[in-house]
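All values below were derived from every heavy atom in this structure, side-chain atoms included, with hydrogens, water molecules and symmetry-related copies excluded.
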Amino acid sequence: MGFRLPGIRRLSFSATEAASEAVGVPKGYLAVYVGEKMKRFVIPISYLNQPSFQELLSQAEDKYGYDHPMGGLTIPCKEDAFLDLTSRLN
């Protein structure tokens with residue numbers, strides 16, 4: 001089970017790197033928004049391969065499709081549940 005992001009255009013390496021630095025996301029990480037207040041978390045992309053995180057991605061797809069209200073990946077769960085999951089993945 002994988003997670004695809006359709007419609008993503010390819011950027012040159014330098015443009016991608018500059019964009020990541022501008023929003024505070026280091027290379028190898030991904031920003032996600034979680035909870036009712038849409039708190040932003042920066043997580044390692046290695047989490048995307050974990051079955052428990054893939055379940056969250058499936059829930060996000062079911063709820064939002066590929067139209068995420070924050071413009072980034074929105075995870076539909078409570079912050080404390082997300083923190084619990086990510087602490088187990090560390």
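Considering every non-hydrogen atom in both Lys63 and Pro76, the closest pair reads CD-CB, 3.6 Å. For the pair Ala60 and Thr74, the tightest heavy-atom approach, listed with the atom from each and the gap, is CB-O, 3.3 Å. In this structure, Tyr33 and Met38 approach most closely via the heavy-atom pair CD2-O, 3.5 Å.
Not a single ring-ring contact (aromatic ring centres under 6.0 Å, His included) links Tyr29 to another residue, sequence neighbours left out. The side chain to side chain donor-acceptor pair (under 3.5 Å) test applied to Asn49 returns no partner, not counting sequence neighbours. Residues forming a side-chain contact (heavy atoms from CB on, under 4.5 Å) with Ser52 (at least two apart in sequence, or on another chain): Gln50, Leu85, Leu89.
The closest side-chain heavy-atom distance from Ile75 to Phe41 is not below 4.5 Å. Residues Leu83 and Val34 are not in side-chain contact: their nearest non-hydrogen atoms beyond the backbone lie 4.5 Å or more apart.
Rounded to the nearest 0.5 Å, atoms OH (Tyr47) and CG (Leu30) are 11.5 Å apart.
Within the structure, the side-chain hydrogen bond (donor to acceptor under 3.5 Å, both in side chains) test picks out the following pairs touching residues 75-86 (sequence neighbours left out): Asp84-Arg88.
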